[in-house]
There are 2 protein chains.
Amino acid sequence: MKNQVKYLTDVLEAKGYRLTIARQVIAETLVDSGSHCSADELVDLVHKSAPGIGRMTVYRTLELFCHLGLARPIYQGTGAAHYVLMERGHHHHLVCSACGRFIEFDDCVLEKITEELISERFNFAVEGHLLELFGRCQQCQEQYNSSERL
Amino acid sequence: MKNQVKYLTDVLEAKGYRLTIARQVIAETLVDSGSHCSADELVDLVHKSAPGIGRMTVYRTLELFCHLGLARPIYQGTGAAHYVLMERGHHHHLVCSACGRFIEFDDCVLEKITEELISERFNFAVEGHLLELFGRCQQCQEQYNSSERL
DNA sequence: CTCTGTGCAAAGGATTTGCACTACG
DNA sequence: CGTAGTGCAAATCCTTTGCACAGAG
């Protein structure tokens, strides 16, 4: 987890971006949050350890992370976008279509093969991927039928 | 492609939603667009064939499609969310991190296996997935080095 | 006929500028 | 020291309500 933060800051420096207090705090907070939260939640969390850091800085840092392939915005259809960290370029999670719960997992063997195939077929230099699986989590399979209306 | 539209409208009816002109036009337009556009673009496209259909109806229909697992919003980090159709619950594309170009593809063999593994391990009823691969498309590999700044 | 779906306009949020100030390297 | 990064507030843009009307079944 500490390593994860170091990786983020190392990439920043390697690309010639300045390693500021704000960016460090934001990186730490994002990792601590479980690598998954909205910009707004992140602003609140950051304020707990460093009240001086502005909302804008959080937005801009997230944008920077995305630009560098370190994070990715995902949109849940309502409200604000969420940001997920892409550890070593990868992120996987399950999204429950009933309760919206996220279940993070880290299993990359099959996707590796996919990447190689794609890389060849489309002449596309794959740098990472996001795999989202949609369905019903255990609780929601028990609680609901599949027919609740919008 | 025609089948794709029929599938969408069939699901609507099967779930007890009314099959209105507006929904039909929106489904057709979304499929014609290549199953991938922003709400705003879709409003404009829909207006070309049916000027009477309001912006709200497009938003609400997209929300409905997402609720039914027929579409998925994706967020590119700037501006409006894009919506992609999930054909038979699946969608795959490549995103170029330099030019933002999308390359759609349809290759599902490996993911099938992944779904089964996940399903067992997490007791999660997988209904579909979205796989996004990030990297450089052919043109961008030729044109840029990997170090352009934000 | 009844209830779901639609359209409009206004409200509500999230995200993005513009610009002076701060601080990393 | 110079430039990249920051913070604030105002502006912008996307998306969502509220409510009366229209149309599908």
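Throughout, a chain's letter reflects where its sequence line sits, starting with A, and its residues are numbered from 1.
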Among C/dG25, D/dG25, C/dA14, which is the nearest nucleotide to the side chain of A/Y59?
-> C/dA14
Of the candidate nucleotides D/dG25, D/dG2, C/dG7, which contains the atom at the shortest distance from the side chain of B/M56?
-> C/dG7
Rounded interatomic separation in angstrom, taking CG from B/L12 and P from D/dG25 = 11 Å
Name the residue closer to the 5' end of DNA chain D, choosing between B/I21 and B/Y83 according to the nucleotide with the nearest heavy atom.
-> B/Y83
Closest to the A/R18 side chain: D/dT6, D/dT3, C/dT16?
-> D/dT3
Verify whether one side chain among B/E104 and B/H91 offers a donor that lies under 3.5 Å from an acceptor in the other.
-> yes
Indicate yes or no: at least one non-hydrogen side-chain atom of B/D40 is less than 4.5 angstrom from one of B/R55.
-> yes
Mind listing the residues from residues 36-44 of chain A sitting with a heavy atom below 4.0 Å of DNA chain C? Number order is fine.
-> A/A39
Could you tell me which residues satisfy side-chain hydrogen bond (donor to acceptor under 3.5 Å, both in side chains) with B/R23, sequence neighbours excluded, listed by chain and number?
-> none
Find the distance A/R60:CZ to D/dG7:P and express it as a whole number of Å.
-> 8 Å
Can you check whether B/D10's main-chain N or O pairs, donor with acceptor, with B/E13's side chain at less than 3.5 Å?
-> no
Could you work out which one of C/dC24, C/dG7, C/dA14 sits closest to the side chain of B/I53?
-> C/dG7
Just jot down the side-chain hydrogen bond (donor to acceptor under 3.5 Å, both in side chains) partners of A/D44, sequence neighbours excluded, or say none.
-> none
Report the nucleotide, chosen from D/dG7, C/dT15, C/dG5, that has the shortest atom-to-atom distance to any side-chain atom of B/R23.
-> C/dG5
Starting from P on D/dT6, measure out to CD on A/E63 and report it in whole angstrom.
-> 12 Å
Want to settle it: does B/Y75 or B/T61 sit nearer the 5' end of DNA chain C, counting the closest nucleotide to each?
-> B/T61
Please give, in whole Å, the distance from D/dG25 C1' to B/E13 CD?
-> 10 Å
Keeping the roles fixed (side chain from A/T57, backbone from A/I53), state whether a donor-acceptor pair exists under 3.5 Å.
-> no
Please state whether the phosphate of D/dA4, meaning OP1 or OP2, lies under 4.0 angstrom from any side-chain nitrogen or oxygen of A/T20.
-> no
When the distance from CD of B/Q24 to C1' of D/dA24 is rounded to whole Å, what number comes out?
-> 13 Å
To the nearest angstrom, how far is B/L62 atom CG from D/dC14 atom C1'?
-> 13 Å
Nearest-angstrom distance from the residue atom CD1 of B/I26 to P of C/dG5 = 13 Å
From CA spacing to verdict: ring pair (Phe, Tyr, Trp, His ring centres under 6.0 Å), A/H36, A/Y83 = CA-CA 6 Å; A/H36 191 149; A/Y83 289 82; over 10 Å; no
